[in-house]
Structure formats: structure tokens, C-alpha cells
Amino acid sequence: MTLEKGANLSDIDGEEEEPGEVIESAPPLKVGEERELGNSGIKKKLLKNGVGWDTPEFGDEVTIHYVGTLLDGTKFDSTRDRYDPLTFKLGTGQVATGLDNGIITMKKRECAVFTFTLPSELRFGVEGRDSLPPNSVVQFEVELVSWITVVDLSKDGGIVKKILEKGERDASPGDLDEVLVKYQVMLGDGTMVAKTPEEGVEFYLKDGHFCPVLSKAILTMKKGEKVKLVIQPQYAFGEERRDACDGFGAIPPNSALDFNLELLSFKHVVDVTGDSKVVKKILKEGEGTSADEGATVTISYIARLEDGTVFEKKGYDGEQPLEFITDEEQVIAGLDRVAAMMKKGEWAIVTINHEYGFGNVEAKRDLATIPSCAKLYYEVEMMDFIKEKVPWEMNNQGKIEAAGRKKEEGNLLFKNGKYERAGKKYYKAADCVSEDGSFVDDEQKLVKSLRVSCWLNSAACCLKLKDYQGAIELCSKVLDCDCHNVKALYRRAQAYMEIADLILAELDIKKAIEADPQNREVKLLQKSLKQLQAESNKRDAKFYANMFARVTRDGNFRVRCSNFQPLPTSTKD
């Protein structure tokens with residue numbers, strides 16, 4: 001089995017990949033052991049183990065010490081003799097190909113001997129190269145002193161990132177996050193044009209800072225990472241001159257910029273509602289999983305208006321923390337949604353627009369009155385929560401009781417016009433008594449009745465919310481269990497009528513009347529269907545009438561169509 005170095009298993013088939021060395025999937029070399037690298041003709045003998053786990057790639061800048069000899073021991077070059085290690089870019093032909101391909105298998109501080117035949121066209125910048133005949137077999141004793149990972153962010157050399165110090169693994173910021181960075185910016189001649197304070201500068205990535213592509217580069221970094229960025233003029237300020245302002249020096253037109261940049265830290269920012277009207281900035285990460293809907297949560301918070309006025313405190317200054325059940329409308333919608341997705345020990349700043357707060361009405365709270373349409377700021381800590389039990393944690397009796405309780409809660413919400421929340425309750429109720437084979441015979445009838453009732457009620461919620469496809473799917477589930485269920489046929493017919501599928505609606509209504517000939521609601525729906533069919537027939541008649549041209553005297557006709565010329569027809573006696 002072979003794997004091309006640098007290959008990404010998530011790449012789409014057919015995508016063009018960077019060239020790389022094909023290496024054997026084999027156990028690591030032991031000190032003193034020698035092995036050929038794939039079918040490359042290069043032999044590697046390990047002299048000293050390196051540190052870490054990663055290795056350089058083509059394009060990286062490596063620094064090595066080497067001693068080059070022929071097989072008879074004749075030395076033709078040595079960086080150690082000059083006390084001057086060689087730094088070069090891998091894969092660019094600055095050294096013999098065999099040495100390049102060997103170095104990409106090495107770890108930092110590793111020492112190894114590579115033996116290979118020099119190609120007839122030698123490209124190796126050593127003093128003794130002229131004295132080496134083509135196709136000589138050579139040995140290089142190499143120590144990989146260090147390397148700098150080089151990444152071409154723009155794929156055209158316009159934004160090049162050199163990683164000077166790696167950061168924490170799996171700790172990268174996202175598009176919405178707030179970052180704290182430290183940097184120095186210099187022109188090509190070394191003139192410094194910008195420098196942050198020692199403690200760094202903080203900003204939101206989406207807002208940008210200093211240079212248009214700085215945020216793009218930071219998105220590729222990890223916490224604690226230090227890099228050198230080389231940004232060409234077209235990705236910096238182009239042909240425009242940037243005058244000195246806000247503590248930054250002047251930048252002439254067509255200037256390349258060199259950044260020494262460090263990502264000190266970042267705070268995750270989450271768009272809770274997906275419309276940027278409830279945003280959570282995490283100050284301290286929590287542990288474990290989030291609370292989720294239906295959990296009993298305990299939080300402490302300080303709530304402020306936009307001008308800093310504190311209008312409520314819980315868990316501070318002698319006030320008890322607030323305990324409530326999420327997704328039960330016991331607090332404002334924004335705080336409810338945030339609490340459901342917080343982890344234990346998490347601490348966050350939450351911004352809530354009025355649509356998820358107190359709306360467009362004035363509200364009196366403990367410490368201040370909240371004006372209408374006010375934006376709210378909560379500093380919240382999730383102290384503890386108890387998750388709602390899931391079905392697999394209950395016995396059969398518990399599942400049945402939970403399903404009945406949630407169904408009744410859904411019914412109350414439905415009566416109050418809260419159809420979305422009612423639908424969630426019905427879904428959870430049906431989930432409690434899903435068909436998992438654990439219910440005994442005397443429980444099966446009750447369980448089936450509960451499931452069917454919840455599916456039907458969920459379908460009614462879907463109709464209210466104009467989710468007609470959802471209603472069709474739920475009614476179909478009922479009809480799979482009971483093909484003569486009149487409510488399911490009635491509600492599915494309603495949904496079909498709303499999406500103008502009058503044929504399927506008519507079939508369901510006919511089945512419902514067969515099952516219950518005296519059902520008044522079904523007959524009224526049938527009447528409405530006939531009206532829709534009549535209107536549809538009128539529209540069709542008008543449509544086809546407009547398609548046909550006037551009939552000619554001899555009985556021929558022309559078709560009017562914007563896409564082609566009218567064609568005459570002929571008749572035979």
C-alpha cells in the first residue's frame with residue numbers, strides 16, 4: 001500500500017493534487033536500520049531519532065547540516081566544516097533531488113545517511129560539484145536542524161505564510177470570533193509602519209483590521225502560533241497610497257508588506273439564532289456537553305442595557321441564581337436559546353436584539369425599566385444543569401407516562417396558538433414510545449394509540465405553520481398503521497390542496513368518505529375541493545384557448561407560440 005505525501009483523504013476525486021513523494025506504508029526505521037524509500041532508489045539509514053511526529057513538505061524552508069562523501073569515503077562538501085548550516089526551500093531544485101526526497105521523511109533533529117546516484121544533470125549548490133562525475137553514487141549524512149512551514153494562502157504567491165512557531169493543535173478561530181493579536185508591519189526596505197502594544201490588539205475578524213487580508217490569514221492560524229506574512233501589493237493596498245493615521249505609518253503605492261504576527265488568543269462567537277439577533281461570545285469554555293432543550297438549568301447573570309444600565313442580577317450581591325427549564329418560555333427567548341446550548345462552567349457575553357428580548361413594549365425589571373425595542377447584554381455563567389431524561393434511560397411505564405405528559409403539554413400549547421413549540425412536544429412524545437420492540441402485548445395498543453395521536457397532532461401543527469410537506473409525511477405515517485384513519489386522510493387532503501395536488505387530494509377525500517360517509521368536515525372539504533377543481537378547469541380552458549389561433553375558413557388553424565413560427569396544416573378530402 002502506498003500513500004502520496006500531503007494527500008488529503010477528503011479531496012474530491014479528480015482534483016489536481018500537488019506532486020509528492022510516494023512512500024511505503026511501513027514501520028518506522030530503527031536506529032542503525034537501512035531501507036530504500038519506496039522505489040525511488042534512495043536508501044536511508046537512521047543514525048539518530050528525531051523529536052515530535054511531523055516532517056517537512058515540499059515548499060517548506062529547511063535548515064540542515066550535511067557531510068557529502070563518495071562511497072570510498074572521499075569528502076566533497078561539508079557544512080560542518082564551514083560551521084554554516086544550509087537553508088533552502090524543498091522541492092525547488094536547489095539541492096539534488098535525492099536529498100530533497102530524503103529530507104521530507106525526517107523529523108526535527110533527526111540524523112540519517114542517504115545513499116543515491118546523482119542524476120546526469122546535477123543541481124546541487126556545493127563547492128565540489130564540478131569534481132563529481134555524472135551518475136556518481138553519493139552519501140549524505142544529514143541532520144535536520146529545523147524547518148519553517150511555508151503556506152501559499154492565495155495560491156499565486158500573493159499571500160505567503162511562514163510558520164515560525166506552531167500553536168495549539170485544533171484551536172483555530174472562526175469567522176465571527178474576536179481575536180487578540182500582536183504584530184509588527186514593515187515595508188520591503190525594513191521601514192516599520194505599524195506595531196501593536198505589547199499586550200496586543202483585539203478585534204472581530206468579520207470587521208477586519210489594518211489590511212484587507214489580515215483576517216483571512218488569521219483564520220488559518222492556531223492559538224499561540226507565530227508567523228511571518230509576506231503580502232504582495234495586490235493583496236495589501238495596491239496602487240493606492242495609505243496616509244499615516246491612527247498610529248500607523250504611511251504606506252506608499254504598490255508596497256509589499258512583511259508581518260511578524262502572533263495569535264495570542266481568541267474568543268469564540270456564536271450566532272445562536274442564525275440571524276445575528278442573538279450572539280454569544282464565549283469568555284470561558286465549559287466542559288462536557290451542552291444543556292439542550294428541556295433541561296433544568298441554573299445560571300447566574302448580570303443584565304445591562306446598551307448604555308450600561310444594570311436592570312437585573314441573578315447569583316450576584318446576595319441574589320439567588322436563576323433556575324428554569326429551557327424551551328418552556330420561562331425566560332425571554334434569547335436567554336432561553338442561549339442557556340440550552342451552554343456547557344457547565346461556561347461563561348459568556350450574550351447580545352440579544354429586542355425580537356428575542358422584551359419586544360417593542362416597555363418592561364419593568366428588578367433594578368430598572370427596559371425601554372421598548374431595547375438591545376440587551378447578558379453576562380451569563382452556566383452553573384449547573386440536569387438534562388431531561390431520554391427514552392433509553394426510562395422503563396416502559398416511564399416512557400408511556402412521559403409520552404402522555406408531553407402530549408398534554410403539546411395540546412395546551414396548541415390551544416394557545418404556539419404551534420412550533422407544540423409540534424416539538426408531540427415529536428418528543430412520539431419518540432418516547434417509538435417502535436423499539438421493548439413493549440409487551442398489553443402495552444402495544446396504548447403505545448400505538450399514543451404514536452398515532454401525536455403524529456396527527458404534529459400534522460395539525462404543520463398545517464398551521466404552512467409546512468404542508470411535513471403534514472403529508474406525518475399523515476402518511478399514520479396511514480401506514482391505519483389506512484382508514486379519517487383524520488389522517490382529511491389532513492393529508494388539506495395539505496395536498498394547499499400545494500395544488502388536487503388529484504391526490506380527491507383520492508384521500510373519497511377514502512375518508514368511504515370510511516365515514518356522514519363526516520361533516522370531510523364533506524365541507526370535498527365542497528372546497530370541487531370549487532378549486534372548477535377554478536383550475538377555468539384556468540386550463542383559458543390557457544388552451546390562448547394557445548390556439550383563430551380557425552381558418554377551411555377548418556385549418558395556426559398555433560401561436562413565441563418560441564417558433566406558426567405552421568399551416570393541410571387536410572385531405
Side-chain angles (χ1 to χ4, degrees), residues 390-392 394-415 418-530 532-533:
V390 290
W392 60 266
M394 309 176 196
N395 59 26
N396 285 358
Q397 187 60 33
K399 292 176 184 178
I400 293 169
E401 289 174 1
R405 185 170 62 251
K406 289 183 183 302
K407 178 191 166 188
E408 290 306 315
E409 290 170 357
N411 291 346
L412 183 60
L413 289 166
F414 189 92
K415 288 175 184 176
K418 297 173 180 177
Y419 306 118
E420 187 173 355
R421 289 190 59 221
K424 288 181 182 179
K425 291 289 185 182
Y426 294 135
Y427 174 84
K428 287 185 176 181
D431 190 47
C432 285
V433 288
S434 61
E435 295 181 81
D436 60 2
S438 65
F439 295 103
V440 295
D441 292 342
D442 57 346
E443 296 169 333
Q444 285 289 354
K445 186 175 181 181
L446 176 58
V447 164
K448 180 181 176 181
S449 174
L450 272 170
R451 275 200 302 268
V452 166
S453 179
C454 289
W455 288 338
L456 285 171
N457 291 353
S458 290
C461 292
C462 287
L463 288 171
K464 292 289 187 181
L465 295 168
K466 300 185 179 180
D467 176 13
Y468 303 119
Q469 194 57 47
I472 290 167
E473 290 172 3
L474 286 161
C475 290
S476 297
K477 289 175 77 170
V478 174
L479 292 167
D480 286 341
C481 300
D482 177 7
C483 63
H484 300 296
N485 189 291
V486 175
K487 278 189 178 180
L489 291 166
Y490 175 80
R491 288 176 185 166
R492 191 167 73 173
Q494 283 182 304
Y496 281 139
M497 287 166 64
E498 291 291 348
I499 63 173
D501 196 334
L502 304 185
I503 294 174
L504 290 179
E506 185 176 21
L507 288 173
D508 278 353
I509 289 172
K510 283 182 179 178
K511 289 179 184 176
I513 288 175
E514 288 172 6
D516 187 0
Q518 304 305 316
N519 192 298
R520 183 171 174 274
E521 289 184 54
V522 176
K523 288 183 176 180
L524 288 173
L525 189 64
Q526 186 182 44
K527 185 177 179 181
S528 298
L529 175 65
K530 287 180 178 178
L532 288 175
Q533 288 172 327

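For this chain, numbers begin at 1 and follow the sequence in order. Reckoned from all heavy atoms, side chains included, excluding hydrogens, waters and symmetry mates.
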Worksheet item: Listed by chain and number, what are the side-chain contact (heavy atoms from CB on, under 4.5 Å) partners of Leu507, not counting sequence neighbours?
Response: Leu504

Worksheet item: With no hydrogens and no angle check, is any side-chain donor or acceptor of Glu506 less than 3.5 Å from a backbone partner on Ile503?
Response: no

Worksheet entry | Residue pair Ala493 / Ile509: nearest heavy atoms and the distance that separates them | CB-CG1, 3.7 Å

Practice prompt. Would you name the heavy atoms of Ala402 and Cys432 that are closest together and state the gap between them?
Written response: CB-SG, 4.0 Å

Discussion item. Quick check: closest heavy atoms across Val486 and Ala515, and the distance to 0.1 Å?
Written reply: CG2-CB, 3.8 Å

Discussion item. Nearest 0.5 Å, please: how far is CG in Leu446 from CZ in Arg451?
Written reply: 10.0 Å

Worksheet entry | Non-hydrogen side-chain atoms of Lys406 and Tyr426 separated by less than 4.5 Å | no

Worksheet item: To the nearest 0.5 Å, how far apart are CG in Leu413 and CD in Glu420?
Response: 11.5 Å

Item to complete: To the nearest 0.5 Å, tell me how far Leu532 CG sits from Leu502 CG.
Response: 6.0 Å

Practice prompt. Sequence neighbours left out, what passes ring-ring contact (aromatic ring centres under 6.0 Å, His included) with Tyr427? Give chain and number order.
Written response: none

Discussion item. Going by salt bridge (Lys or Arg N to Asp or Glu O under 4.0 Å), name the residues that satisfy it together with Lys425, two or more places apart in sequence or in a different chain.
Written reply: Glu328, Glu409

Worksheet item: Are any non-hydrogen side-chain atoms of Leu525 and Met497 less than 4.5 angstrom apart?
Response: yes

Discussion item. Within this structure, what is the NZ-CG distance for the pair Lys399 and Asp431, rounded to the nearest 0.5 Å?
Written reply: 9.5 Å

Worksheet item: If we only count heavy atoms from C-beta on, is the Val522 to Asp516 side-chain gap below 4.5 Å?
Response: no

Could you go through residues 456-471 and list every donor-acceptor pair under 3.5 Å that involves a side-chain atom there, pairing it with any protein atom two or more places apart or in another chain?
from: Asn457; atom 1: ND2; to: Asn411; atom 2: OD1; distance (Å): 3.4
from: Ser458; atom 1: OG; to: Cys454; atom 2: O; distance (Å): 3.0
from: Asp467; atom 1: OD1; to: Gly470; atom 2: N; distance (Å): 3.1

Response to the item:
Rounded to the nearest 0.5 angstrom, the CG-NZ distance for Leu479 and Lys511 is 7.5 Å

Discussion item. Taking ring-ring contact (aromatic ring centres under 6.0 Å, His included) as the definition, give me every residue that meets it alongside Tyr419, ordered by chain and number, with sequence neighbours left out.
Written reply: Phe414

Worksheet item: Within a strict 4.5 Å, meaning less than it, do heavy atoms of the Asn519 and Lys523 side chains meet?
Response: no

Item to complete: To the nearest 0.5 Å, tell me how far Glu401 CD sits from Asn395 CG.
Response: 8.0 Å

Worksheet item: So, do Phe439 and Ile400 sit near enough that their side-chain heavy atoms are less than 4.5 Å apart?
Response: yes

Discussion item. Enumerate the salt bridge (Lys or Arg N to Asp or Glu O under 4.0 Å) contacts for residues 479-492, please, sequence neighbours excluded, ordered by first and then second residue.
Written reply: Arg492-Asp508

Fill in: Side-chain donor or acceptor of Ser476 paired with backbone N/O of Ile472 under 3.5 Å
yes

